[in-house]
Amino acid sequence: MRLRFAPSPTGFLHIGNARTAIINYLLAKKYSADFILRIEDTDIDRSSRESEESILHDLRWLGISWNEGPDAGGNFGPYRQSERFDIYKRYSDQLLAEGKAYHCYCTPEELERMRSNAAATGSYEYSGRCRNLSGEEKKRFIAEGRKPTIRFRVPDGETVVVDDIIKGRVVFSSENIGGDFIIVRSDGVPVYNYIVVIDDALMHITHVVRGEDHLSNTPKQILIARALSLPVLQYAHLSLVMGNDRKKLSKRHGITSVDMYRKEGYLPEALVNYLAMLGWAAEGDREILSVDEIVEQIELEKLAKSAAIFDFQKLRWMNGHYIRAKSLEELLPLMLPHIRGAGIDTDAIEQKTLLRTIEILRPYCELIGDIRHLAGMLLAEIPEYDDEAQTLLSTPEAALLIKESCNFFNHEPQNDITQLVTVLKAATGLKGKHLFHPLRALLTGKLKGPDLEHVIEILGFEGCRKRAEYVYQKFFYSEQQ
RNA sequence: GUCCCCGUCGUCUAGGGGUCUAGGACACUGGGUUUUCAUCCCAGCAACAGGGGUUCGAAUCCCCUCGGGGAUGCCA
């Protein structure tokens, strides 16, 4: 069994393509199949090496690996279509020689005109104008300087059956696949629907698992395979991933490139888990599964036929779950850049303190990047005091607490910080939320957050003292003026 | 327009003739834990697109309608 993922390097790895890659990879793992990565870079204007590299990078980040590919080599290369033009040329020459394809001299402008005329009346398909050109007509077109494309001569009255592993039996007739289609452009570059057949055959692919948007292309490909006496493969067409407006997922639905998910602080295991579960369900109502568990259970036959709307909420929930499941040691390097991004000098902080901070703050994180807005509460010299906290700290009730806090730090520097709450309680006569609320605001600058006990533990005597002093200066002292 | 695919809670899904007064998860609501919020735990809300058949019996099989999607490119 040999599977493949064949992206075109025209941008970042899209989340929908990532799902296709993941499912192929998971299946390859399950069946110990070879997994081939092929780069479909025949759209020369839009393809780039940078895109290819970023796609490979994103695939690796997701934990996907392949046995053969442009970087890995293999016995059936090259693995970039742009490096295989001589192969495609041989086959198109053969089709031409056998009369199964022909030169078409229609210009893009002419075709566009035919198309728009047809749109008014009804359906469009290529008229077949150049199907049976006389030598005379050909000569004339050539004399006009027209560069021909090569069109595949679609046979009449053929039935094409796709026995799709997911969709079931789908029957097409050669009459209504849109007429003779172009297989080689006028500049000599071959077209997807044609070369995909050659590559899959030559690379000994056994199962083509790809997006449903290719289902209608499949009869064209099968017709090509027949014409070339190449094998027809097993197909499995994955239902598409949609945005919340039920349109194919695209940029306007939010972030759609794997690259962005990584930057936002999603974990690859969450993305893999979520994408695998989109259109598939594991036994026993389980939602959170490791790659190995998914590999054990996943089957093409059990994948959903219907399109699925991408649920960002659920992905976030799952990501939060994986954040909580990770060890602190694993989390630290992932969160460190974000903590630094919040302007905190992590080099000045003991590793032990950082780990403990992450432990305390982690329940508040759905994304790794969420730590950025939280870290300041525990690690900044002086945290940001939000509006709610400022309002609270300006009340007379808080004034008393602020004053007594400063007392605690200034007059008895030997005080045990763990006694702060007890001492303040006695000194102010406040208790319950009347005590904890303003104290929280004073220490963290926020009205909500982790246990004050933990906050005090991380801040220590000095940290708490600095904040109390800051608040005294800002809210208490200024009010006395 | 034509061809093709699809249609169970708001969303992802389980279910494939009787065990379905339709199960789980996210979201939402309420409660518990907590000084607060988050985590965690418990409970609740909420669906078989519509209409015809077939059958003793249909969410499950068939047909039609409607709805959604994809293809119809010298993109892949």
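Below, chain A is the first sequence line, B the second, and so on; all start at residue 1.
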remark   = Smallest heavy-atom separation, A:M114 atom then A:C106 atom, equals CE-SG, 4.0 Å

inquiry  = Once you apply a heavy-atom cut-off of 4.0 Å, does A:F310 come out as touching a base, just sugar-phosphate, or nothing?
reply    = nothing

key: Residue whose nearest RNA chain B nucleotide is more 5′ - A:V171 or A:K448   = A:V171

Counterpart base for B:U60, defined by Watson-Crick or G-U wobble contacts under 3.5 Å = none

ask   = Counting any heavy atom closer than 4.0 Å, what does A:L435 reach on the DNA or RNA strands: base, sugar-phosphate only, or nothing?
value = nothing

key: Atom-pair distance (NZ on A:K446; P on B:C37), nearest Å   = 17 Å

inquiry  = Would you say the ring centers of A:Y266 and A:Y322 fall short of 6.0 Å from each other?
reply    = no

Euclidean distance for P, B:C42 against B:C26 (whole angstrom) = 11 Å

query = Hey, does A:G211 reach any base, or is it just sugar-phosphate, or nothing, if we go heavy atoms under 4.0 Å?
reply = nothing

inquiry  = Expressed as a whole number of angstroms, how long is the span from A:M318:CE to B:U13:P?
reply    = 12 Å

request  = Could you tell me whether the side chain of A:D41 and the main chain of A:Q81 form a donor-acceptor pair under 3.5 Å?
outcome  = yes

ask   = Is the shortest side-chain N/O distance from A:K305 to OP1 or OP2 of B:C6 below 4.0 Å?
value = yes

Name of the residue among A:L271, A:T256, A:N319 meeting side-chain contact (heavy atoms from CB on, under 4.5 Å) with A:Y261 = A:L271

query = Quick one: what's the B/S/- string for nucleotides 22-31 of chain B, heavy-atom cutoff under 4.0 Å, read 5' to 3'?
reply = -BBBBS----

request  = Mark yes or no for a side-chain to base donor-acceptor pair under 3.5 Å between A:Y274 and B:C12, with no hydrogen or angle criteria applied.
outcome  = no

key: Interatomic distance, A:I309 CD1 vs B:G7 P [rounded to whole Å]   = 14 Å

query = Mind checking who B:C37 pairs with, Watson-Crick or G-U wobble, both distances under 3.5 Å?
reply = none

task = Take atom C1' in B:U60 and the same atom in B:A47, then report the distance between them in whole Å.
result = 15 Å

Side-chain donor-acceptor contacts of residues 86-93 of chain A below 3.5 Å, not counting sequence neighbours, with atom names and distances?
{"unit_1": "A:Y88", "atom_1": "OH", "unit_2": "A:R84", "atom_2": "NE", "d": "3.4"}
{"unit_1": "A:Y88", "atom_1": "OH", "unit_2": "A:D199", "atom_2": "OD1", "d": "3.0"}
{"unit_1": "A:Y88", "atom_1": "OH", "unit_2": "A:D199", "atom_2": "OD2", "d": "2.7"}
{"unit_1": "A:K89", "atom_1": "NZ", "unit_2": "A:D93", "atom_2": "OD1", "d": "3.3"}
{"unit_1": "A:K89", "atom_1": "NZ", "unit_2": "A:D93", "atom_2": "OD2", "d": "3.0"}
{"unit_1": "A:S92", "atom_1": "OG", "unit_2": "A:Y88", "atom_2": "O", "d": "3.3"}
{"unit_1": "A:S92", "atom_1": "OG", "unit_2": "A:K89", "atom_2": "O", "d": "3.0"}

inquiry  = Under a 3.5 Å cut-off for both contacts, is B:U2 paired Watson-Crick or G-U wobble with anything, and if yes, with which nucleotide?
reply    = B:A71

Reading 5' to 3' through nucleotides 61-76 of chain B, protein heavy-atom contacts under 4.0 Å coded B for base, S for sugar-phosphate only, - for none = -------SSBSSSBBB

Please table the atom pairs, donor to acceptor, closer than 3.5 Å between any side-chain atom in residues 8-21 of chain A and protein atoms at least two apart or in another chain.
{"unit_1": "A:H14", "atom_1": "NE2", "unit_2": "A:L249", "atom_2": "O", "d": "3.4"}
{"unit_1": "A:R19", "atom_1": "NE", "unit_2": "A:L278", "atom_2": "O", "d": "3.2"}
{"unit_1": "A:R19", "atom_1": "NH1", "unit_2": "A:S239", "atom_2": "O", "d": "2.9"}
{"unit_1": "A:R19", "atom_1": "NH2", "unit_2": "A:L278", "atom_2": "O", "d": "3.2"}
{"unit_1": "A:T20", "atom_1": "OG1", "unit_2": "A:G16", "atom_2": "O", "d": "3.3"}

task = Please give the nucleotide sitting opposite B:U19 as a Watson-Crick or G-U wobble pair, both distances under 3.5 Å, or none.
result = none

query = Checking only heavy atoms, does the side chain of A:R324 share a donor-acceptor pair with the base of B:U39 at less than 3.5 Å?
reply = no

ask   = Is a side-chain N or O of A:R467 found less than 3.5 angstrom from the main chain of A:L443, in a donor-acceptor match?
value = yes

message = Measuring only the P atom in each nucleotide, how far is B:G30 from B:A22? A whole number of Å is fine.
response = 25 Å

ask   = In whole Å, what is the span from the CG atom of A:L238 to the P atom of B:C6?
value = 14 Å

message = Roughly how many Å apart are B:G52 and B:A59, using the P atom of each and rounding to a whole number?
response = 14 Å

task = Using a 4.0 Å heavy-atom cut-off across all strands, classify A:P219 as base, sugar-phosphate, or nothing.
result = nothing

inquiry  = Counting the atoms with a prime plus P, OP1 and OP2 as sugar-phosphate, which does A:G449 contact under 4.0 Å by heavy atoms, base, sugar-phosphate, or nothing?
reply    = base

Residues 369-379 of chain A side chain polar contacts: donor-acceptor under 3.5 Å, at least two apart:
{"unit_1": "A:D370", "atom_1": "OD2", "unit_2": "A:E366", "atom_2": "N", "d": "2.9"}
{"unit_1": "A:D370", "atom_1": "OD2", "unit_2": "A:L367", "atom_2": "N", "d": "3.0"}

query = What is the distance, rounded to the nearest whole Å, between atom OH of A:Y364 and atom P of B:C40?
reply = 12 Å

ask   = In whole angstrom, what separates A:H373's NE2 from B:C37's C1'?
value = 17 Å

key: Watson-Crick or G-U wobble partner of B:G44, both distances under 3.5 Å   = B:C28

message = Say we look at B:C5 and B:C41: how far apart would their P atoms be, to the nearest angstrom?
response = 43 Å

remark   = Heavy-atom closest pair (A:G445 atom, A:A389 atom, distance to 0.1 Å) is O-CB, 3.2 Å

inquiry  = Cation-pi check for A:F181 against A:K220: NZ or CZ below 6.0 Å from the six-membered ring centre and within 45 degrees of the axis, yes or no?
reply    = yes

key: Nearest-angstrom distance, C1' atom, B:C4 to B:U8   = 23 Å

request  = Take atom CG of A:L447 and atom P of B:U36, then tell me their distance rounded to the nearest Å.
outcome  = 12 Å

task = Taking the six-membered ring for Trp and the full ring for Phe, Tyr or His, determine whether the centres of A:H321 and A:Y274 are under 6.0 Å apart.
result = no

Any strand: nucleotide that pairs with B:G7 via Watson-Crick or wobble, under 3.5 Å = B:C66

Going by atom type alone, with no hydrogens or angles, which donor-acceptor pairs under 3.5 Å involve a side-chain atom of residues 157-164 of chain A and a protein atom two or more places apart or on another chain?
{"unit_1": "A:E158", "atom_1": "OE1", "unit_2": "A:R226", "atom_2": "NH1", "d": "2.5"}
{"unit_1": "A:D163", "atom_1": "OD1", "unit_2": "A:R169", "atom_2": "NE", "d": "3.2"}
{"unit_1": "A:D163", "atom_1": "OD2", "unit_2": "A:R169", "atom_2": "NH2", "d": "3.2"}
{"unit_1": "A:D164", "atom_1": "OD1", "unit_2": "A:I166", "atom_2": "N", "d": "2.9"}
{"unit_1": "A:D164", "atom_1": "OD1", "unit_2": "A:K167", "atom_2": "N", "d": "2.8"}
{"unit_1": "A:D164", "atom_1": "OD1", "unit_2": "A:H237", "atom_2": "N", "d": "3.2"}
{"unit_1": "A:D164", "atom_1": "OD2", "unit_2": "A:H237", "atom_2": "N", "d": "3.1"}
{"unit_1": "A:D164", "atom_1": "OD2", "unit_2": "A:H237", "atom_2": "ND1", "d": "2.6"}

message = Please report the distance separating the P of B:C62 from the corresponding atom of B:G7, rounded so that it comes out in whole Å.
response = 12 Å

Pairwise C1' distance for B:C9 and B:A27, with rounding to whole Å = 12 Å

Distance, rounded to the nearest Å, where A:W280 contributes CH2 and B:U13 contributes P = 12 Å

